Colleague: 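Sending over a structure as structure tokens; questions will come in a sec.
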Amino acid sequence: MSKAKRQAPTLPKGTRDFYPESMRLQNFIFDTWKRVSKRFGYEEYEGPIFEHLELFTGKSGDEIVSQLYHFEDKGNRALALRPEMTPTLARLIVQKGNTIKKPFKWFSIPRLFRYERAQKGRLREFFQLNLDVIGTESVFAEADLISAIVAMLVEFGLSADDFSIGISSRELLANYLIEIGVSDPNLVYPALDRRLKTSPEAFLSTLLELGLLETQVQKINTFMESKSLNEIRTMISSPNSIQALNDLQNLFDLIENTGFGPYIGLDLSIVRGLAYYTGIVFEVFDRAKSMRAIAGGGRYDNLCENLGGQKVPGVGFGMGDVVLANLLKDHDLIPDLHPKIDLYIASFTNDFPKVFVLANQFRELHLNVAHPLEITKLSKQMDQANSQGARCVVYVDGEKATENTYEFKDLSKGLMHIGSIQDIVEYLKNEPS
RNA sequence: GUGAGUGUAGCUCAGUUGGUUAGAGUCCCAGAUUGUGAUUCUGGUUGUCGUCGGUUCGAGUCCGAUCACUCACCCCA
């Protein structure tokens with residue numbers, strides 16, 4: 001029986017392989033994310049990669065199920081690969097919230113899954129940095145998050161010419177809508193969120209269908225196009241609206257005082273699609289607006305309560321790795337990510353026992369060390385040393401070396417030296433590479 | 001779910017109005033160089049031309065279907 005031709009294995013749609021070269025970029029992004037998150041005092045957490053389906057559907061119905069990877073396990077439990085991290089975080093808080101000192105700041109870099117058509121900046125499997133401040137209603141939390149976003153994007157090499165953080169308030173919008181007589185603000189959010197994506201006529205007719213009056217739509221347009229809080233102040237009157245506006249004003253003052261003013265702006269056209277946002281919301285955009293949002297987030301003071309726990313206020317954001325990597329490539333901000341090791345141990349005579357012993361002596365001193373793995377002539381060994389990014393090649397059997405010393409060559413400078421193990425360690429420590 | 005575009009070597013691509021055995025660069029491997037890498041030179045491997053069918057004496061090229069990928073829409077956590 002002849003073997004049937006086996007179909008060559010392929011990559012599932014919307015997923016990526018991380019060969020070492022891509023992994024280096026991935027690590028560069030993750031390392032920067034983690035470094036800045038820790039600089040701001042956020043602690044890392046994780047959760048399972050799948051959750052009960054119910055955690056994500058909640059009250060929002062079955063519509064979202066079509067966008068989820070979900071399945072039944074052998075115990076007939078309905079599970080789903082997580083499409084976002086915030087529900088998991090909320091679950092963690094509901095389970096242990098009482099025993100955690102508040103407020104607290106956590107971050108995570110979850111691998112997320114969404115069943116949707118892949119396109120630019122959007123895949124079916126991706127990573128997303130999440131930062132959250134839990135347990136305070138203070139606007140300092142928003143200020144902290146926004147500062148962290150600025151700091152990390154600047155750390156990546158971006159400037160105020162490259163990106164901008166638009167800030168808005170769900171609460172201000174909700175109270176304004178109530179003031180102008182819109183009975184249920186929740187009903188109109190999806191339409192408002194798409195305002196700039198549709199024509200003014202389509203926007204108007206959509207809202208008319210939802211039962212609004214043309215005068216109300218005009219007021220909404222004026223509100224969402226406002227570029228200053230003073231302008232808004234003249235349009236509102238209720239205590240709730242004024243409180244929401246003052247919160248926004250405080251946030252802007254705080255951020256401007258830290259010198260991050262050029263990175264932020266009022267943008268009341270930002271609504272965000274998610275239902276659970278309750279207060280300030282924000283989105284980070286490429287100035288060129290050539291791609292989807294780099295990051296987005298907001299306040300969700302009722303989420304834990306809605307999941308059946310106590311009321312615990314929270315605010316956070318997510319930043320996806322796909323859009324960020326595209327952005328960094330576009331701005332030519334990916335650094336040289338060549339592999340780097342300290343030493344490559346070579347031998348003219350293929351004296352592998354000696355090579356192996358010496359390599360491990362260096363490794364005990366915490367150096368990263370490679371060596372040939374099979375009988376190979378020297379030029380090939382040098383080639384390997386180069387491609388593995390070795391700083392120096394150490395020869396175990398150099399003729400000029402006396403007992404307990406070794407010839408070694410600095411590859412970037414092309415210079416030969418002779419020295420003991422200690423000398424080589426010192427050389428690596430002191431000599432600029 | 002809807003629409004458009006693209007499929008030729010691992011990668012980037014060329015391939016004339018249809019014409020013999022399908023090409024270049026790069027990458028990889030080997031040699032020039034048996035005790036010293038980066039440059040250079042020489043040689044070599046790699047393809048069901050996405051797949052199936054049709055037209056034709058003859059199809060990488062034309063037609064149809066199908067699949068895959070990309071982009072946009074829908075949606076966006």
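Naming: A, B, ... by sequence-line order, numbering from 1 per chain. Remember, it's a predicted structure, so these values are computed and weren't measured experimentally.
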Colleague: Hey, is A/Glu46 close enough to A/Arg82 for a salt bridge, meaning N to O under 4.0 Å?
Modeller: yes
Colleague: Determine which nucleotide pairs with B/A24, using a 3.5 Å limit on both distances of a Watson-Crick or G-U wobble pair.
Modeller: B/U12
Colleague: Using Watson-Crick or G-U wobble geometry with both distances under 3.5 Å, which nucleotide pairs with B/U2?
Modeller: B/A72
Colleague: B/C62 pairs with which nucleotide, Watson-Crick or G-U wobble, both distances below 3.5 Å?
Modeller: B/G54
Colleague: With rounding to the closest Å, how many angstrom separate the P atoms on B/C67 and B/U51?
Modeller: 15 Å
Colleague: Please state the C1' separation for the pair B/A24 and B/A14 - nearest whole angstrom.
Modeller: 7 Å
Colleague: Is NZ or CZ of A/Arg299 both nearer than 6.0 Å to the six-membered ring centre of A/Tyr277 and within 45° of the ring axis?
Modeller: no
Colleague: Do the ring planes of A/His417 and A/Tyr427 sit parallel (below 30°), tilted (30 to 60°) or perpendicular (above 60°)?
Modeller: tilted
Colleague: Check nucleotides 73-77 of chain B against the protein and report each pair of N or O atoms closer than 3.5 Å, with its distance, or say if there are none.
Modeller:
{"from": "B/C74", "atom 1": "N4", "to": "A/Gln119", "atom 2": "NE2", "distance (Å)": "3.2"}
{"from": "B/C74", "atom 1": "N4", "to": "A/Arg122", "atom 2": "NH1", "distance (Å)": "3.0"}
{"from": "B/C75", "atom 1": "OP1", "to": "A/Arg194", "atom 2": "NH1", "distance (Å)": "3.2"}
{"from": "B/C75", "atom 1": "O2'", "to": "A/Gln67", "atom 2": "NE2", "distance (Å)": "2.9"}
{"from": "B/C75", "atom 1": "O2", "to": "A/Arg122", "atom 2": "NH1", "distance (Å)": "3.3"}
{"from": "B/C75", "atom 1": "O2", "to": "A/Arg122", "atom 2": "NH2", "distance (Å)": "2.5"}
{"from": "B/C75", "atom 1": "N3", "to": "A/Arg122", "atom 2": "NH1", "distance (Å)": "3.2"}
{"from": "B/C75", "atom 1": "N3", "to": "A/Arg122", "atom 2": "NH2", "distance (Å)": "2.8"}
{"from": "B/C76", "atom 1": "O2", "to": "A/Arg122", "atom 2": "NH2", "distance (Å)": "2.8"}
{"from": "B/C76", "atom 1": "O2", "to": "A/Arg292", "atom 2": "NH1", "distance (Å)": "3.3"}
{"from": "B/C76", "atom 1": "N4", "to": "A/Lys197", "atom 2": "NZ", "distance (Å)": "2.3"}
{"from": "B/A77", "atom 1": "OP1", "to": "A/Gly273", "atom 2": "N", "distance (Å)": "2.7"}
{"from": "B/A77", "atom 1": "O3'", "to": "A/Arg272", "atom 2": "NH2", "distance (Å)": "3.3"}
{"from": "B/A77", "atom 1": "O2'", "to": "A/Arg114", "atom 2": "NH2", "distance (Å)": "3.4"}

Colleague: In a check of salt bridge (Lys or Arg N to Asp or Glu O under 4.0 Å) between A/Asp321 and each of A/Arg16, A/Arg122, A/Arg111, which one passes?
Modeller: A/Arg16
Colleague: With rounding to whole Å, what would you report as the distance between B/A4 and B/U20 at their P atoms?
Modeller: 35 Å
Colleague: Provide the distance between the two P atoms, one in B/A72 and one in B/G60, to the nearest whole Å.
Modeller: 34 Å
Colleague: May I ask which nucleotide in the shown strands pairs with B/A30, Watson-Crick or G-U wobble, both distances under 3.5 Å?
Modeller: B/U42
Colleague: Taking the six-membered ring of A/Tyr189 (Phe, Tyr or Trp), confirm whether the NZ or CZ of A/Arg170 is under 6.0 Å from its centre and within 45° of its axis.
Modeller: yes
Colleague: Classify the angle between the aromatic ring planes of A/Tyr45 and A/Trp106 as parallel (below 30°), tilted (30 to 60°) or perpendicular (above 60°).
Modeller: tilted
Colleague: Which one of A/Phe260, A/Phe285, A/Tyr263 satisfies the ring pair (Phe, Tyr, Trp, His ring centres under 6.0 Å) criterion with A/Phe163?
Modeller: A/Tyr263
Colleague: Please check: side-chain N/O of A/Asn360 versus main-chain N/O of A/Arg363, any donor-acceptor pairing under 3.5 Å?
Modeller: no
Colleague: Quantified in whole Å, what is the C1' atom distance between nucleotide B/A22 and nucleotide B/U61?
Modeller: 12 Å
Colleague: Would you mind pulling out the nucleotide paired to B/G7, Watson-Crick or G-U wobble, both distances under 3.5 Å?
Modeller: B/C67
Colleague: If I pick the P atom on B/G18 and the same atom on B/C62, what distance separates them, to the nearest angstrom?
Modeller: 8 Å
Colleague: For B/U55 versus B/A65, give the span between their C1' atoms, rounded off to a whole number of Å.
Modeller: 15 Å
Colleague: Should A/Ser412 and A/Asp410 be marked as a side chain to side chain donor-acceptor pair (under 3.5 Å) after you check the CA-CA gap, both sets of side-chain angles, and the distance that decides it?
Modeller: CA-CA 6 Å; A/Ser412 63; A/Asp410 185 318; 2.9 Å; yes
Colleague: Tabulate protein N/O versus nucleotide N/O from nucleotides 35-41 of chain B, keeping only pairs under 3.5 Å, one per line.
Modeller:
{"from": "B/G35", "atom 1": "O6", "to": "A/Glu399", "atom 2": "OE2", "distance (Å)": "3.0"}
{"from": "B/G35", "atom 1": "N1", "to": "A/Glu399", "atom 2": "N", "distance (Å)": "3.2"}
{"from": "B/G35", "atom 1": "N2", "to": "A/Glu399", "atom 2": "N", "distance (Å)": "3.2"}
{"from": "B/U36", "atom 1": "O2", "to": "A/Tyr395", "atom 2": "OH", "distance (Å)": "2.6"}
{"from": "B/U36", "atom 1": "O4", "to": "A/Glu407", "atom 2": "OE1", "distance (Å)": "2.7"}
{"from": "B/G37", "atom 1": "O2'", "to": "A/Asn386", "atom 2": "ND2", "distance (Å)": "3.1"}
{"from": "B/G37", "atom 1": "N7", "to": "A/Lys409", "atom 2": "NZ", "distance (Å)": "3.0"}
{"from": "B/G37", "atom 1": "N1", "to": "A/Leu411", "atom 2": "O", "distance (Å)": "2.7"}
{"from": "B/G37", "atom 1": "N2", "to": "A/Asn386", "atom 2": "OD1", "distance (Å)": "2.6"}
{"from": "B/G37", "atom 1": "N2", "to": "A/Leu411", "atom 2": "O", "distance (Å)": "3.3"}
{"from": "B/G37", "atom 1": "N3", "to": "A/Asn386", "atom 2": "OD1", "distance (Å)": "3.3"}
{"from": "B/G37", "atom 1": "N3", "to": "A/Asn386", "atom 2": "ND2", "distance (Å)": "2.9"}
{"from": "B/A38", "atom 1": "N1", "to": "A/Leu411", "atom 2": "O", "distance (Å)": "3.1"}

Colleague: Sticking with atom P, work out how far B/U6 lies from B/C13, rounded to a whole angstrom.
Modeller: 14 Å
